Amino acid sequence: MSLERTLSILKPDAVAKNVIGEIYSRFEKAGLKVIAARMAWLSQSEAEGFYAVHRERPFFKDLVSFMTSGPVMIQVLEGENAVLTHRDLMGATDPKKAAPGTIRADFAESIDANAVHGSDGAETAAVEIAYFFPSSQIHSR
Ligand code: UDP
């Protein structure tokens, strides 16, 4: 067990559904602490930069378009095994395949509009956290 951080984004569909609090409650109940948070409406270049690793994928254009379609809620979560804990809470990428009780099973409509983003590893998390938050905006106690 180790204290870890992960980058989490509630995507435009989740923010539009007004379930920020409900999802934050799941984070807290799972032992994840919100140590940074801000709402943002991503520009095209911010979304493209964030998802640069997917640049060559067929869904890239639609993904960027979706992620810039409305405000998102971005947070850094800290806790034991935060990356995996958060991904377990998210559920599978395709909500149809997501386990019952996961965020995507409960709130997502489709693989394109799937409610939440979570870093997929500790190294990715460090890069993604730095993409959105300077260290002065992260408050771990
Ligand atoms: N995505 C998509 N179509 C696909 C696969 C992925 O629109 O066929 C989007 C989806 O929003 C997903 C994101 O691209 O969350 C990143 O894909 P990844 O495979 O990294 O899934 P995740 O880590 O978000 O579960």
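This is a predicted model, so every value here is computed, not measured.
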Requested in this report: Please step through side chain to side chain contact (heavy atoms under 4.5 Å, CB included) for the pair Val116 and Ile9, ending with a clear verdict.
Outcome: CA-CA 6 Å; Val116 65; Ile9 303 178; over 6 Å; no
Requested in this report: Decide salt bridge (Lys or Arg N to Asp or Glu O under 4.0 Å) for Glu109 and Lys17; before the verdict, give the C-alpha distance in whole Å, the side-chain angles of both, and the deciding distance to 0.1 Å.
Outcome: CA-CA 11 Å; Glu109 304 301 328; Lys17 280 194 174 130; 2.6 Å; yes
Requested in this report: List the steps, then state whether side-chain hydrogen bond (donor to acceptor under 3.5 Å, both in side chains) holds for Ser140 with Glu78.
Outcome: CA-CA 8 Å; Ser140 176; Glu78 186 177 72; 2.8 Å; yes
Query raised in the report: Under the side chain to side chain contact (heavy atoms under 4.5 Å, CB included) criterion, do Ile103 and Arg26 qualify, and how do the steps go?
Result: CA-CA 9 Å; Ile103 294 167; Arg26 293 180 184 208; 4.0 Å; yes
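Here the rule is side-chain contact (heavy atoms from CB on, under 4.5 Å) with Leu89, and of Leu32, Thr102, Leu77 only Leu32 fits it.
Pro12 approaches Ser69 most closely through the heavy-atom pair CB-OG, 3.6 Å. Here the shortest heavy-atom pairing between Ala108 and Ala113 reads CB-O, 3.7 Å. Gly91 approaches Arg104 most closely through the heavy-atom pair O-NH1, 3.2 Å. The two residues Ala14 and Val19 have their closest heavy-atom pair at O-CG2, 3.4 Å. The two residues Pro100 and Ala105 have their closest heavy-atom pair at CA-CB, 4.2 Å.
In this structure, the side chain of Gln75 engages the main chain of Ser8 through a donor-acceptor pair within 3.5 Å. Between the side chain of Glu4 and the backbone N or O of Ala82, at least one donor-acceptor pair lies under 3.5 Å. When atom types are taken as modelled, the side chain of Ser119 and the backbone of Leu7 share a donor-acceptor pair closer than 3.5 angstrom. Remark: side-chain polar atoms of Gln137 are not paired, donor with acceptor, to backbone N or O of Pro134 under 3.5 angstrom.
The side-chain hydrogen bond (donor to acceptor under 3.5 Å, both in side chains) search around Arg87 returns none, not counting sequence neighbours.
Contacts classified as ring-ring contact (aromatic ring centres under 6.0 Å, His included) and involving residues 62-94 (residues at least two apart or in different chains) are given here: Phe27-His86. Applying the ring-ring contact (aromatic ring centres under 6.0 Å, His included) test to pairs two or more places apart or on separate chains, none has a residue in residues 88-108. Residue pairs that meet the side chain to side chain donor-acceptor pair (under 3.5 Å) test with at least one member in residues 49-61, sequence neighbours left out, are His54-Arg57. Screening residues 122-141 for ring-ring contact (aromatic ring centres under 6.0 Å, His included), with sequence neighbours left out, gives Phe50-Tyr131, Phe50-Phe132. Sorted by first and then second residue, the side chain to side chain donor-acceptor pair (under 3.5 Å) pairs with a member in residues 28-41 read Ser25-Lys29; sequence neighbours excluded.
The distance from atom OG1 of Thr6 to atom CE of Met90, rounded to the nearest 0.5 Å, is 8.5 Å. With rounding to the nearest 0.5 angstrom, the CD1 atom of Ile111 is 12.0 Å from the CG atom of Asp62. Atom OG of Ser110 and atom CG of Asp13 lie 7.5 Å apart (nearest 0.5 Å).
Side-chain heavy atoms closer than 4.5 Å link hydrophobic residues (I, L, V, M, F, W, Y) into clusters, and following such links, possibly through other members, connects Val64 to Ile74. Linking ILVMFWY residues whenever their side-chain heavy atoms come closer than 4.5 Å, directly or via other members, leaves Ile35 and Leu10 in distinct clusters. Criterion: ILVMFWY side-chain heavy atoms under 4.5 Å apart, direct or through other members. Under it, Tyr24 and Val83 are not part of a common hydrophobic cluster.
Side-chain contact between Ile20 and Met39: present, with at least one pair of heavy atoms (C-beta onward) separated by less than 4.5 Å. Residues Thr93 and Asn114 have side chains in contact (heavy-atom distance under 4.5 Å, counting atoms from C-beta outward). In this structure the side chain of Val34 never reaches within 4.5 angstrom of the side chain of Val76, judged on heavy atoms.
Donor-acceptor pairing under 3.5 Å is lacking for the side chains of Thr85 and Asn81.
Between Glu128 and Arg5, no side-chain nitrogen of the basic residue sits less than 4.0 Å from a carboxylate oxygen of the acidic one, so the salt-bridge criterion is not met.
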